[in-house]
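Structure, as C-alpha cells:
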Amino acid sequence: MKTILILGALLGSAMQVAYGYSFNDAIKRIESHEAVGALKAKSAAFTEQGSSASSWGDPMVKLAAKNFPKDSLESDQSPMTGIEIGLSQKVALTNKYGNLKDSFEKLGEATRHSSENKKNELIKSFWEVITNLNQLKEEIKINEENIVWIDKILKVSKKLYTNGKISQQGLLDLKIRKSELDAALSSKEYEYKENESRLGYLLGLEGQLDLSTVPWKLSATDSRVKKDFKELALNANLDSKKFLLSAQKKGFVPDLTFSMGYTKRSNIDNKGDFVSASVAFPIPTSSTKYAAHSEAVHKKTMATKELKNYQRKKESQVEGLNFGINRVKKELEILNNKTIKFSENSRDITAKSYRYGRASYVELLQSELKHQKLLIKRSMLKSQLTKKQIEKKFILGEKLYE
C-alpha cells in the first residue's frame with residue numbers, strides 16, 4: 001500500500017511538471033491581470049472624483065482687524081475700530097453638483113464595464129493561442145503519422161530497388177520526402193513553442209497548459225445569458241455625458257456666497273458690537289460657462305454616435321461571422337464525410353499497388369501529399385471554426401469559460 005502511495009505521488013508530481021496548470025487556473029490568472037486591475041483602480045478614482053466635484057467647498061472663516069489708526073494702532077480711538085470674525089459659505093441654487101457627481105459615477109461605472117470587457121478580451125486572446133496550439137498539436141501528429149507511413153514505404157522500396165523494380169532516383173525521391181517530413185515536424189514543434197510563449201504575457205504561469213482541460217465544446221454552445229460589457233460601458237459613458245450637460249446648463253445659474261460677520265469693538269460710542277451679513281454671486285458674462293456648455297453638448301453627441309456606431313458594427317460583425325461559421329462547417333462536413341475518406345482509400349490502394357509494382361513511386365508520393373494536405377486543411381478549418389465561434393460569443397457578450 002505504501003509503495004502504491006509513493007508511486008501515485010511521483011506520478012502526480014510528474015504530471016504537474018509536464019503540464020503545470022489547467023484551463024481554469026489560466027482563467028483565474030487572467031481575472032487578476034494587471035490590465036484589468038488598472039481599469040478597476042481607474043473606476044474607483046472616478047467615483048472619488050465625483051465626490052470631490054459634488055462638494056460645495058469648505059466654509060471660510062475670516063478674521064480681520066478693521067480701521068485701526070495707522071499711527072497708534074489703538075483700538076479705542078475710533079468707533080469704527082474693531083476685530084471682525086466672519087463666516088462664509090458657497091451655496092448652489094440648483095442640483096448641478098449632484099449632476100456632476102452622477103456624471104463621474106457613471107464614468108466609474110463605464111470603466112468598471114471596460115475592465116470586464118478587457119478581461120474578456122484577454123480570455124478571447126487566450127482562446128486564440130490555445131486554438132493555435134491545438135491545431136499545431138494535430139499537425140505535429142499528422143507529420144508523425146506520415147513519417148511512420150513513409151518509413152514503411154521506404155522498407156518496401158529498398159526491396160523493390162534490390163529486385164530492380166524501381167530506380168535509384170525513385171528511392172532517393174522517397175528519402176527526400178522523408179527528410180521533408182522530418183523538417184516539417186521540427187518546424188511545427190518550434191512553432192508550437194513560439195505560440196506557447198505568448199501565454200507568458202496573458203498568464204505569467206510556470207509550466208505548460210494541459211490542453212485536455214480546455215472545454216472545447218463551449219465554443220459551439222450558445223449561451224442564454226448575454227452581457228456585452230463594451231456596449232454597457234458605452235451606455236454608461238453616454239449617461240455620464242448627459243449628466244454633465246445637465247450640470248453645465250444649470251451652471252448658468254450662479255452660486256451664492258453667504259457671509260456673516262461679528263465685529264468686537266471698544267464701544268466708545270455706546271453702540272455695542274457690530275454684526276454684518278452679505279450675499280455675493282458672479283455675473284456670467286465671460287465665455288467660460290458658454291464654452292463649457294458647448295463642450296458638454298459635443299461630448300454628448302460624440303458619446304451618442306459612438307454607441308450607435310458600435311451597435312451597427314456589432315450587428316454587421318455577427319451577421320458576417322454567422323456566414324463564416326456556416327461556410328467552414330460545410331467545408332468540414334464535406335472533408336470528413338467524403339474527401340478525406342476518398343484520399344485515404346486512394347493512398348492505401350496506391351501503396352498496395354506500389355508493393356506489387358503496379359504503381360509508380362510518383363503516384364505514391366502524389367497520393368500521400370494529397371492526403372496530408374487534406375488532413376492539414378481539416379485541422380486549419382477546425383481552428384478557424386473555433387476562433388469564429390469564440391469571436392461571436394465575445395461580441396454577443398456570452399461567457400468564454402465555464
Side-chain angles (χ1 to χ4, degrees), residues 14 18-19 129-198 208-212 214 216 328-387:
Y19 291 111
V129 175
I130 62 178
T131 302
N132 288 339
L133 290 175
N134 195 55
Q135 178 186 345
L136 288 166
K137 185 178 178 181
E138 288 185 354
E139 290 179 2
I140 287 170
K141 185 179 179 182
I142 291 168
N143 277 286
E144 288 174 342
E145 289 175 350
N146 275 1
I147 288 172
V148 171
W149 183 85
I150 203 76
D151 280 338
K152 291 179 181 178
I153 294 299
L154 274 170
K155 289 180 181 179
V156 173
S157 299
K158 288 175 182 178
K159 292 180 180 178
L160 292 173
Y161 173 71
T162 303
N163 296 329
K165 292 185 177 181
I166 65 167
S167 65
Q168 186 178 17
Q169 181 63 45
L171 188 61
L172 286 173
D173 284 345
L174 288 169
K175 289 182 177 180
I176 290 170
R177 177 57 185 158
K178 168 67 163 52
S179 66
E180 288 176 346
L181 288 172
D182 289 335
L185 176 61
S186 176
S187 176
K188 292 297 177 183
E189 288 173 342
Y190 277 108
E191 192 176 348
Y192 186 96
K193 292 177 181 177
E194 287 175 9
N195 276 268
E196 197 173 42
S197 67
R198 290 177 57 194
Q208 293 178 312
L209 171 68
D210 184 358
L211 288 174
S212 67
V214 177
W216 297 107
V328 175
K329 281 182 176 179
K330 189 64 178 177
E331 283 191 66
L332 279 170
E333 181 184 349
I334 295 172
L335 273 175
N336 287 323
N337 296 335
K338 296 180 181 179
T339 316
I340 288 180
K341 289 181 179 180
F342 295 156
S343 70
E344 187 174 10
N345 289 335
S346 174
R347 188 187 68 168
D348 292 344
I349 290 170
T350 305
K352 188 177 291 185
S353 299
Y354 177 74
R355 288 187 179 93
Y356 294 105
R358 294 194 294 268
S360 68
Y361 75 90
V362 175
E363 292 173 314
L364 181 67
L365 287 176
Q366 286 177 340
S367 66
E368 183 265 336
L369 279 170
K370 184 178 291 185
H371 184 61
Q372 184 193 35
K373 286 180 180 179
L374 289 171
L375 290 176
I376 289 176
K377 183 179 181 181
R378 180 174 66 179
S379 178
M380 179 193 69
L381 288 173
K382 284 166 62 179
S383 180
Q384 281 185 11
L385 180 60
T386 300
K387 288 178 182 178

Side-chain donor or acceptor of S187 paired with backbone N/O of A183 under 3.5 Å:
no

Non-hydrogen side-chain atoms of Q366 and V362 separated by less than 4.5 Å
yes

Is there side-chain contact between Y361 and L160, with heavy atoms separated by less than 4.5 Å?
no

Side-chain donor or acceptor of N163 paired with backbone N/O of K159 under 3.5 Å
yes

For the atom pair OH (Y192) and CG (N134), what is the distance rounded to the nearest 0.5 Å?
8.0 Å

Under the side chain to side chain donor-acceptor pair (under 3.5 Å) test, which residues partner Y161, sequence neighbours left out?
none

For I150 and L181, which heavy atoms make the closest approach, and how far apart are they?
CG2-CD1, 4.0 Å

Might you work through the side chain to side chain contact (heavy atoms under 4.5 Å, CB included) test for Q372 and N143, ending with a clear yes or no?
CA-CA 8 Å; Q372 184 193 35; N143 277 286; 3.2 Å; yes

Under a 4.0 Å N-O cut-off, is there an ion pair linking K193 with E196?
no

Examine distances only and state if a side-chain atom of S186 and a backbone atom of D182 form a donor-acceptor pair shorter than 3.5 Å.
no

For residues L211 and K137, report the shortest heavy-atom separation together with the two atoms involved.
CD1-CD, 3.9 Å

Donor on one side chain, acceptor on other, D173 and Q169, under 3.5 Å
yes

Taking S346 for its side chain and F342 for its backbone only, find out whether a donor-acceptor pair lies under 3.5 Å.
no

Working to the nearest 0.5 angstrom, can you tell me the gap between L332 CG and K377 NZ?
9.5 Å

Can you name the nearest heavy-atom pair linking L364 to A351, along with the distance?
CD1-CA, 3.6 Å

Working to the nearest 0.5 Å, report the span between CD1 of I142 and CD of E144.
10.5 Å

For side chain to side chain contact (heavy atoms under 4.5 Å, CB included), just list the numbers for I147 and D151, CA-CA rounded to whole Å, side-chain angles, deciding distance to a tenth of an Å, and then say yes or no.
CA-CA 6 Å; I147 288 172; D151 280 338; 3.8 Å; yes

Could you give the distance from CD1 (I340) to CG (N345), rounded to the nearest 0.5 Å?
12.0 Å

Measuring from atom CG of L172 to atom CD1 of I166, what distance do you get when rounded to the nearest 0.5 angstrom?
9.5 Å

Could you tell me whether K188 and E191 have a side-chain N and a carboxylate O separated by less than 4.0 Å?
yes

Does K141 form a salt bridge (charged side-chain N to carboxylate O under 4.0 Å, His left out) with E138? I'd like the steps, not just the answer.
CA-CA 5 Å; K141 185 179 179 182; E138 288 185 354; over 6 Å; no

Inter-residue atom distance D210.CG - I130.CD1, 0.5 Å rounding
11.0 Å

Heavy-atom side-chain proximity of H371 to E368 below 4.5 angstrom
no

Quick one, D348 and K352 - any side-chain contact, counting heavy atoms below 4.5 Å?
no

Could you walk me through whether Q135 and M380 pass the side chain to side chain contact (heavy atoms under 4.5 Å, CB included) test, one step at a time?
CA-CA 7 Å; Q135 178 186 345; M380 179 193 69; 3.8 Å; yes

Given K341 and E344, is the side chain to side chain contact (heavy atoms under 4.5 Å, CB included) satisfied, shown in steps?
CA-CA 5 Å; K341 289 181 179 180; E344 187 174 10; 5.6 Å; no

Could you tell me whether a side-chain N or O of S379 sits under 3.5 Å from a main-chain N or O of L375, the two making a donor and an acceptor?
no

